Every structure is written in C-alpha cells, then in structure tokens.
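Everything numeric here is computed off the predicted structure, so don't read it as measured data. Order of listing sets the numbers, starting from 1, for every ligand and every atom in it.
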Amino acid sequence: MHYTGTVIRPPSEADSIILQVTTGCSHNKCSFCGAYKDQTFAIKDPAIVAEDFEFARTYCKRQKRLFLADGDVLILSQARLLGFFKEIKEKLPWVNKVSLYGSAKAIRNKTIEELQVLKSLGLDRVYMGLESGCDEVLQHVKKDSTALQMIEAGQAVKKAGLFLSVTVLLGLGGKELTQAHALETAATLNRMQPNQIAVLTLMILENTPLARKVQEGSFQLLSPMETLKELYSIISNLSGLRCQFHANHASTYLPLSGRLPKDQQLFLTEISKVVSGNLSTVPEHRRAL
Ligand code: SF4
C-alpha cells in the first residue's frame, strides 16, 4: 500500500483495509489538531490508488471491512465517491462494510438520498469529530461548524440508516469553559443520538496554534482531576441515549468502556473513586495520541 504523510484511523478500524484515497484534511484549521499541518488536502493520483486496489485484491482477502482514508473523505463529490464505492464492490467483493471520516460540513453537503445511495453501495459507518457541543469552544478552536450544524449533520447520518460515531475532546474548553463544554456537549449528544461516543483527552501538540496559546498563558489546561470532573459532568448529563461509550483512548486518564445507559452509573462510580483518591489515574508518561 502507498501511504502518504500521517494516516489516521479510528481505533475500531484496526483490522480494516486502510485505503488512502485522499491526503490531508479539507478544513485543516482546528487549533488543537496537528494531524495534517504539513499537508494540503488532495485527491490521490488514480494510478497509485489503482495499485493499492490491486494490492488489497491480492493480499487483504481476509479483511471484510475497509476504511477510506484520510481526514474527511466524505467531502469528495458524490460522483467521485460513487466511483470509489463501485470499485470496491467490483475489485474487493468480500468487503461488506466501508467506513470513513465525515466532517459536519461534508455531511451537510450531501442529501439524505445521497447518503442512502452510499449506504446501498456498502457505506456502513461515518466518524464525525464533534469535539464539543459548546459554540464558544468550537469558535475558539476554529472547528468548521456550530453545535446546531453538528446536530443536524449527525441526525442526517442516522436518518440515512448509517452508524454514527462521534468524538468528544475532554479539556478543549480549558479551565475557563470547562463547565459550558461539559454541559453543552452532553446536551448536543442527547439531541444527536449517536451510535457510538468516543471520548479523547486533549494533549497539546507542539506544531499547533493551541500550543502557542498554552505557552502565552491565554489557554489554561485542565489538571487530570479537573479533566475527570469534566468527564463526570458530561456522563451524568447524558440521557435518552442507547449507544456504545468509549473513553479508553490512549490519551485517557481513566479507561472506561461500555454501553449507555447500562454502564452510566458504573462509569460515574469509577470516576468518583479516582476523585476521592481510591483509584489512580493513568500516569502522564503512559498517555499518548
Ligand atoms: S480536527 Fe479534524 S477537521 Fe479539524 S483540522 Fe484536524 S482532521 Fe481536520
């Protein structure tokens, strides 16, 4: 396979064929994200993609899932996406589920009918970066959508019959906005009704605008305990959700994984144990992105 630059995939796609059809991210402005800072968004050379299809046809026959990389593949035109999906059906007929990243903007650019057509061709799951449901936080970090636009995008994915996975980023409001970040993120998730919530914890990357703000002192990072209190606040304000909930990313201070509503109380109890000193957090040197 030919991979250009940093290729990022969700943890749940660890066993999937990773087929890179674009490079970078079409937005590439989020102040906390260093993933594609050295790249401009581009569609990969069709000749290279054709070679990768050939590689997958020969060597990836046991992998039934395929992840179309990089960031925000859904931003491509419907015609181009149809081309990729038809090629997957034709050349890799054993693949039965295809997933990709889709920003709220990319989702909003598609009609429900267009999403349904992609579903009929094998699209199974859309990973959307919510990060926060608080507009002030979203504006500060330069996400490309408001909370309401994120909700509408998430609801469109669900209406099309697709599995919606959303990420939330703990600590993104810093000390100043932690309460609003927690409460408004929970409210947004309640309205969006995702199938899966993946919670990550902010880690500052050197090549990002947010790192400069931390150095200048205009953004104050949460301590591990403040981060867990924020997580407690989000979880305790979630209601009416039936979904997978994972806060076990490598960046976490406390790995939690289960289902809502079944495990909601268990999660809160585990966090309380840490806050009261009866359970320890993951040490800083073992955290990673
Ligand atoms: S967080 Fe997502 S949308 Fe924002 S710059 Fe990074 S890859 Fe792009």
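Among the candidates S31, C33, S218, the single residue satisfying the side-chain contact (heavy atoms from CB on, under 4.5 Å) test with L210 is S31. Residue T22 forms a side-chain contact (heavy atoms from CB on, under 4.5 Å) with just one option from I75, D72, V49, V73, and that option is V73. A side-chain contact (heavy atoms from CB on, under 4.5 Å) with L231 is found for exactly one of L254, I271, V274, namely I271.
Atom 4 (Fe) of ligand 1 has its closest protein heavy atom at C30 SG, 2.3 Å.
Within ligand 1, the atoms closer than 4.0 Å to a non-hydrogen atom of N28 are 5 (S), 8 (Fe), numbered from 1 in the order shown. Annotation for ligand 1: atoms under 4.0 Å from non-hydrogen atoms of Y36 are 7 (S). Less than 4.0 angstrom separates some heavy atom of C25 from each of these atoms of ligand 1: 3 (S), 5 (S), 7 (S), 8 (Fe). Under a 4.0 Å criterion applied to the non-hydrogen atoms of F32, ligand 1 contributes the atoms 1 (S). Near K29, meaning under 4.0 Å from any of its heavy atoms, are these atoms of ligand 1: 5 (S).
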> When you look at K175 and E226, which way does the salt bridge (Lys or Arg N to Asp or Glu O under 4.0 Å) test go after all the steps?
Replying inline: CA-CA 8 Å; K175 286 192 198 292; E226 287 167 334; 2.7 Å; yes
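Ion pairing of R57 with E54 is present here, as a side-chain N (NZ or NE/NH1/NH2) and a carboxylate O approach within less than 4.0 Å.
Under a hydrophobic-cluster definition in which Ile, Leu, Val, Met, Phe, Trp and Tyr are linked whenever side-chain heavy atoms come within less than 4.5 Å, directly or via other members, L121 and F67 are assigned to the same cluster.
The distance from atom 8 (Fe) of ligand 1 to the nearest N/O/S atom of C33 is not under 2.8 Å.
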